[in-house]
Each structure stands twice: as C-alpha cells, then as structure tokens.
Amino acid sequence: MVMPANHFNGNSSLPAGRIQRLLRERELRKSHRAYYYSNESNRGEGIDVEQSILVEQYLEGASAAREGWEKPEGELFRQRLLVVANRLPVSAVRRGEESWSLDVSGGGLVSALLGVKEVEAKWIGWAGVNVPDEPGQRALTKALAEKRCIPVFLDEDIVHQYYNGYCNNILWPLFHYLGLPQEDRLATTRSFQSQFAAYIKANEMFADVVNEHYEEGDVVWCHDYHLMFLPKCLKERNPNMKVGWFLHTPFPSSEIHRTLPSRSEILRAVLAADLVGFHNYDYARHFVSACTRIMGLEGTPEGVEDHGKLTRVAAFPIGIDSDRFIHALKSPQVQEHIKELKERFSGRKVMLGVDRLDMIKGIPQKILAFEKFLEENAYWRDKVVLLQIAVPTRTDVPEYQKLTSQVHEIVGRINGRFGTLTTVPIHHLDRSLDFFALCALYAVTDVALVTSLRDGMNLVSYEFVACQGDKKGVLILSEFAGAAQSLGAGAILVNPWNITEVAASIGQALNMSAEEREKRHLHNYHHVTGHTAQEWAETFVSELNDTVVEAQQRYRQIPPHLPVEEAIERYLQSSNRLLILAIDTPDRPGGDQIREMDLKLHPDLKEPLKTLCSDPKTTVVVLSGSDRTVLDDNFGEYNMWLAAENGMFLRSTKGDWMTTMPEHSNMEWVDSVKHVFEYFTERTPRSHFELRETSLVWNYKYADVEFGRLQARDMLQHLWTGPISNASVDVVQGSRSVEVRPVGVTKGVTIVRILGEIVHSKSISAPIDYVLCVGHSLGKDEDLYTFFEPELPPDGTGITRPKFSDATRSSLDRRSGKCGSKTSQKPSHQRHTENKRNGNSNGNGNGNVNGNGNSNSNGVVGNGGRRSSSSSPNKITWNVLDLKGDNYFSCVVGQRRTNARYLLPTSEEVVSFLTYLSRAS
Ligand SMILES: O=P(O)(O)OC[C@H]1O[C@H](O[C@H]2O[C@H](CO)[C@@H](O)[C@H](O)[C@H]2O)[C@H](O)[C@@H](O)[C@@H]1O
Ligand SMILES: O=c1ccn([C@@H]2O[C@H](COP(=O)(O)OP(=O)(O)O)[C@@H](O)[C@H]2O)c(=O)[nH]1
C-alpha cells in the first residue's frame, strides 16, 4: 500500500520553511482521508460496534485495527511517544493481593493518539489508586503493561497535597480566573507551601518513571497543569530528551498568573520544554506575556527566549475523533437509546447540558438562565426539558462538594416551581453516562447549552455537533470556552454571566428556522470533522520533532562556553596581558529597580579584581557606557584603566580623565533630545533616563514591555524626524533602551584609543600577548569582540560585522600619545554627518575609527611599543599585539548570537571565572 510519506522522522533535515511544511502536511492529511474513505470497509455502512470503539482496541494493542500509514517500502516507521499525564486512560480496581481489574476510560487523548499511526504511544501516569505494597505494585504494573500503560505510584498524602491541593484547589481555579483560595492568609500560605512542595515531589516522581523508560529518540509529551514542573525535571535528567508540554486548560492573563506565589518557578519549569502548546492563540499569548512581564524574558513571534534559548510556544487546538461518534450513531446500542429517549420526551424539545460538576462549567448560571426563560415564556413550560448530566469530579475537594449542594438546591427550587405531577422541567443526573448513551443523547438534542465560565476547549460541544448530522440542532456556546473560537460562527455565542442574554438565546434557538439551523450546523460540522484529535496530535508531535532540529541549528550559531581552564592556563603563560571588562547594567530587569539603576560592582568581584589589577603583567580596562562618576565610584580604588561613556572619557586610575571629545564639538542636540526623553519618561511608568555628558539613554526595562516598545517606536520616529535630524549622532536601540550618542562611538572604536593610551603611558616594551574581553554589549558594540580577531570568520550569525582591518589597525599604530582635548583626534562625527539614522554609525559602514585612513595624530605607537613622535604613520608596522591566534578570549555574557568567540551564560559565571583567574595568578 502506498501512502503519504512519513513526516515524523525526527532525524530528517528540516524542510525549507515552517509554513511550507505545514502546507505539505495538510495535503498529506487530505490525501490520507481521501484514501481512507475510498476504502469500502471504512465508509461506515454496516459498521459494527466493536469496530467503532477503537479506543479500547488501541489500548489492547490492536492499533492495526485501521489501515496504517505505510512508507512506500512497506515498512512502518514508528517513533516512540511517551505520553505523560496525571491520569492513565485506565482506572484500576484491586480484586486481590496480586489481582487487578482495569477499566478503560477512552478519553480525548486516547482517541487523539489512536489515529497517529507513526508513533507508538506508551502512557505514563497515576492509576488513581493508592498501592502501598510491593506485590500489589508489581501486579498492577504487569496488568497495565498489557494496555501500554506505565504507572506512577503516588501515596495518599502526596495525592491529597498535589492533586486535590495544589492542582485542583490552586492551579485549576486560578487558570480559570476564579482566583486563589480565599482562606485565612497565614493558613493558606502554610498549606500553599506544603502543597507546592508536594507538587514538585510528584513531578519528580513522574520524571523518574519517564527517565527509566526513555530510550534515545523517543518523544516525551507532557500534559496539563498537573505536570508543569515535569519539563524541567526531565531536562535535568537528560538535556537531550525531546520534551513537549501541552496545557488543556486556559492559560490566564499575566495579571492573574502573577498572583500565584510560585509564578516564576512554574513558568521557568515549563520553559525547559522544547515546545509548549495551548488550545488557542489567546492562551499562548497570555503565557508569553507572563514570561515577559513577570520574568523579564524576551517574547518573540516564535516563543520565549531566555539567554538565547528559545522555547517555542504555539497554538494547537484539540479536536475529537469525529468518525468514532459518527459511526457509533449507527450502532444498535445507540439506536436503542435514541428510540427510548424519543419516546420518553415526545412532544417536548430537548435541551442538553453535559459537564463535569465543576464550578468552571457555569452549571448554576445555566440553570438560572433556563429558569428565567421559563419565567418569561409560559408557552414553552410544558414543551421543553433540560437534561443536565453533571459528572461528579474531584469529590474530595471541599469547593466541589459545596457546588453539588448548590446545584441540587437550585434544581429542586425550579422543578418545584415549574414542575407538574407528571413532569419536571429539569432532569439532573449526578453521574456519568456510557459512550452509547451519551451519543444517543447528543443525537436527540434540539439545543445544547454550554455555559462554561472558562473552559480550555470543551469537547462536549464538538461531540454534540458530530452527532447532529440528522437533527441539525442548535449549539448555545459560552464565549469563554476555547471552542467559541472554532465553533463561534455556527453557534449562538453567549456571556454566561448575563442570565438575561442566555435566556434570550434559548428562545432564539428553540424558535430558529430549519434553514438557519442547517446553515449553522454545517459550518460547525465541517470544522469538527476537519479538525480532528488525530490531526491535533500529529501536528504537535511533528512540530516538536522539527522544533528540536531547529533548536540544534540555532545552537550552532551560539558560541561555545568559555574554556575556563584553557583561558587561565594561557593567561598564566603570557607576560603582557590585557583584560577588558565591558561592563554595563544589563538591558533586562533583574530585581529591584532602585538598586539596579546604577551600575554596581558585584561585591564578590572586589577581591579578584584587586589581585588582577595589582599584577604588573596585567592591564585591566573597564569599558562602559556609564559616566565618569559611576566608574570613579566603583573602580577608583583599583589600578586600572577606565573608559566612560563608551570611550568618550579615558583615564588611568593613577591619573586624570582625558576626553576624546573635540573641544568645539557640537552638543546642541542634547537639550532637545533631553526634552523628548523627559516627555516619554513622564508618560511611561517605571521608565527612566540617564543624562550623561555626551549621551542620553532612555531605559524602559522595568516598564510594561509592550507599552515600552510602543513608546520607543514613537520616540524613535519623533527623534528621526525632529531634534536629531541634522545632528551628528547615532541612535542605538537596545532590547529595552534607546541611546543617543555622538556618531561613530562604539566600544570597538574606543579600544583603538585605549590601546594607544595604554601603550603610550606604560611604555610597554613587549607586545600584548593575551587579551581577554568579557562583556554584555549591545549589538552595535559587538565590534569590541571582532577588533582583536586576526581574521573574521565567515559570518553565520546574521550580525553585521564591522571589519577592523588594516585601516583601523594602522589608526592604532598612528594613535596619538595624548588623548586630552588639546591633542584629540578630529572626531569622526565631524566628518560623517549624514549617517545617523540606520545604525551605520561610523559612516564608512565598517566601524573603522578613521574611516578614511587619515589622521591628524601627532604621535605614533609602534616600534616595539615605543612612542615616536617623529615616525611617519605610513612606516609604522603593527606590533602592539602578538596574540598568536589562540591567546584571544572574547566572551559574551548570556547565550546569544554574537561575534564573541565564547560565552559565559550568566554574570555569576563571570564572577567565578575572574575569581579563579585571580587565584591562579
Ligand atoms: O481527571 P479529572 O480531574 O476528573 O479531570 C478531567 C479532565 O479535565 C480537564 O479537561 C480539559 O481538557 C479538555 C481537552 O483538552 C478541554 O476540552 C477542557 O476544556 C479542559 O477542561 C483537565 O485539563 C484534564 O487534565 C482532566 O483529566
Ligand atoms: O457522562 C459523561 C459525560 C462526559 N463524558 C466525556 O467527558 C469529556 C468532557 O470534555 P470537555 O472537554 O467538554 O470538558 P472537561 O471535562 O475535560 O473539562 C467529553 O469527551 C465527554 O464525552 C463522558 O465520557 N461521560
């Protein structure tokens, strides 16, 4: 059999683009469906019950019940999929010490994975029973293995604290906008902490079981709010595992999520996954904005980026196995139920509610709206019945117990009010129905009423539509259910809190014309049958495989970790070292705004820095955007070089500040830029700006990120068309800052000046034979890292590389011995006035400090480092540096694409590295 090619091969190279691939997969699915229905036996005629109940067959291992997707060669490629969910799709009842009976519960997930032929799924989860003894565990493990299930054994206390407590009493209501439990504050905090500890412990236990069964190449798909810590636990055990996580509930607005005491730990744990999925774009957007607003991470169209590591975030709306429902309608069991129901409710329209008895489902609101409808429409009182199936759930949680009594009370009151001796308007069932009974109910229903206050998706609405092929009944659907996005066009959408509106919708639905019902139904039917659970699962797994390949490609562009030992070893072997510390306050918020606003030397760096600075073979340079006073305050006590405002001011801590600013430079732009910055600071809460001597920086890292970005965009537009349109300045955009500085000032350019000064003032007699350059610089200042490169490597990073070639190097050779204002170079911004709008700061596009190679320098460094004021610039040879290729260590802080050779992921690692270095020396 020739079927669509396998697209789950995780080792395959990535197709050109995501959209291209998704389009191709859509075509494959279409052809698969066409193939499937062209096969006689699959058309549904004469389908027998056993064949329609594929879920059970699937779990029994009979997945070949349907045609598989075969490769052309005839072989099935099957990637192993470990599905990890709190609950297994079977529940276990103990019959004896070593005997168990298993009851298969074919939930949505089982149906979904049933159709994914190219993965072989195994289930890992809790069997829903406490099994404290070893023989019992062994026997249950064996019994479950026959159903592709692997148990995680949770004891009663953990279940109570983790499942009833943290999952269902904290996360569940919070994610459905019902807030955190309103208890006595202290008690809540105490129980919150122990419940959170139990939650982490339970997630660790799941991770241990996954790890035990994991084989290389497997895909691990974690499900739901119960297992938000699992991605982190898994990656800690094996960083190479392919891990996806999908949330079945809504993810709330960041304003709700931020009330959760463990908000950041939870987000960070989820972000360890490779792919994070939600039912719709709203939930995905909320998640990304929680990560940006609460944790200060970067949200991109692809997902969330943390120090260069991207977690992909996307929407994958679940569906149902519609064929299973459509086929079941023809079964004798369902037909029998339909007959009974029709007789039982003849002469009355049937309205249906099917929900777990959960506060999110809005059952009281639904019943109250029905009461209002009866109240206002006496005609309908004996002509309509509401059947409410309320499946008991989480009965150990007090809130659910309260809800049961509340619903019973309302139903009793309404039935008392509108009932007769022979009939009642509401039939309320506190129990679940089997699959056939449920299908029959769906089929005989005239109006389905879904009034969830919040609902991740709501599969009941899909199932109702699938079973309405004949009747074409009306769906009244809450706009707060995820399903409203997909079935909104065909349904009557309501706000369940607006009882009057829901009551009116009931009237509208009952009175709707047959043509309108058909139109609406067909729209939804098309969606439900065209967006199945199988496709949902296929797409997620396929995206996860591709995400991992993409991540590998991206990692290749991130430099390797600094080889600490080698960097120290080479340092020790060198005799004339240069350490450049490019220090700025990071562009991302850390903790406290007031404490972080000014640059502060890490306290643990003081000792190491002292040691390094007092080594006569080592020259330390601090190069920063901050102004002179900040550098004086932090570094004045060390024996080092300071370069403030990106090199506009230089000093050895033994001497005075010198400026590279020309005496008569035009700084008229400062006032008007200041005026603009003040305006935006006033209008952007928690933004601030620094007025330095030669530059201004507006920083919005503590402000609302999205608002800050909008404000920055407005600011840039205003600056370019107004105050700086004729000034010799560069506008430098950071991820959360805007800086205006004189044109051509970059950290790389500054290095030229600094080297000249150092060489001159120290009268070094030997070339610098070791350079270590560590920092977190803006993209524009990346030239710092390339300056010392003997040759620029081919650019795989996509970052524009300034090329410091002969011209720059000779400008260093020709560097004036005096940097003071009287002898300063002619500033580049006097020569390049027009290049200021596009980041091409120096006008020659290559970061060359002198661009044209001219210099009015009157001193020269060269000839073994000795200053020779009489030498001709053109005769000087480059010999200040002798790095012998490998004695250069440029190192960026934070994982990202960069021109630096290496990276240190965090500032803490920089501190430890410099500490080791100082101790070694
Ligand atoms: O196992 P329980 O604690 O009794 O809860 C049952 C399931 O309820 C939740 O379902 C959600 O997933 C559906 C499918 O994606 C979605 O349509 C619905 O809106 C959600 O509420 C829960 O997320 C599951 O983990 C539970 O198993
Ligand atoms: O007596 C019942 C009532 C409902 N369901 C199933 O429970 C699921 C409910 O899913 P939904 O997404 O609507 O809400 P959830 O309960 O997951 O929040 C649906 O697949 C129903 O078919 C069931 O098996 N038996």
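Ligands are counted one by one from 1 in listed order, and the atoms in each one are counted from 1 as well. Sequence positions, counted from 1, serve as the residue numbers for this chain. Note that the structure is predicted; figures quoted are calculated from it, not measured.
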Got a list of side-chain donor-acceptor pairs under 3.5 Å for residues 479-492, not counting sequence neighbours?
residue: Gln485; atom: NE2; partner: Asp282; partner atom: OD2; Å: 3.0
residue: Ser486; atom: OG; partner: Tyr462; partner atom: OH; Å: 2.7
residue: Ser486; atom: OG; partner: Ala483; partner atom: O; Å: 3.1

Only one of His257, His279, His286 passes ring pair (Phe, Tyr, Trp, His ring centres under 6.0 Å) with Phe251, and that residue is His257
Quick look: Lys361 vs ligand 2, heavy-atom contacts under 4.0 Å, and the answer is side chain
In ligand 2, the atoms that come under 4.0 Å of a heavy atom of Val460 are 13 (O)
- Task: Report yes if some N/O of Arg356 lies less than 3.5 Å from some N/O of ligand 2; otherwise report no.
- Result: yes
| So do Phe192 and Ser262 actually touch side chain to side chain, heavy atoms under 4.5 Å? | yes
Note: Thr393, heavy atoms under 4.0 Å from ligand 2, region reported as neither
Validation row: Leu352, Val447 side chains within 4.5 angstrom (heavy atoms)
no
Residues with a heavy atom under 4.0 Å from ligand 1, by chain and number, are Arg87, Tyr163, Trp172, Asp224, Tyr225, His226, His248, Thr249, His279, Ile318, Arg356, Thr393, Arg394, Asp455, Gly456, Met457, Asn458, Leu459
Logged contact type for Val391 with ligand 2, heavy-atom cut-off 4.0 Å, is side chain
Using residues 431-442 as the side-chain source, report each donor-acceptor pair under 3.5 Å to any protein atom, sequence neighbours left out, with the distance given to one decimal.
residue: Asp434; atom: OD1; partner: Phe436; partner atom: N; Å: 3.0
residue: Asp434; atom: OD1; partner: Ala437; partner atom: N; Å: 2.8
residue: Tyr442; atom: OH; partner: Glu463; partner atom: OE1; Å: 2.7

Any heavy atom of Glu463 under 4.0 Å from ligand 2? The part involved is side chain
Ligand 2 to Asn458, heavy atom cutoff 4.0 Å, flagged ligand atoms 12 (O), 13 (O)
*asked:* Using 30° and 60° as the class boundaries, would you call the ring planes of Phe540 and Phe316 parallel, tilted or perpendicular?
replied: perpendicular
*Considering distance alone, does some N or O of Phe325 sit under 3.5 Å from an N or O of ligand 2?*
no
Note to self: Within the structure provided, determine whether Ser194 and Gln161 are in side-chain contact (heavy-atom separation under 4.5 Å).
What the structure shows: yes
- Message: Any nitrogen or oxygen of Val354, side chain or backbone, less than 3.5 Å from one on ligand 2?
- Response: no
With sequence neighbours left out, the residues meeting salt bridge (charged side-chain N to carboxylate O under 4.0 Å, His left out) with Arg344 are none
Item to complete: With the side chain counted from C-beta on, respond yes when Pro425 and Asn415 share a heavy-atom pair under 4.5 Å apart, and no when they do not.
Response: yes
Could you check whether His248 and Phe246 have their ring centres less than 6.0 Å apart?
yes
Contact region, Asp358 to ligand 2, non-hydrogen atoms below 4.0 Å, reads neither
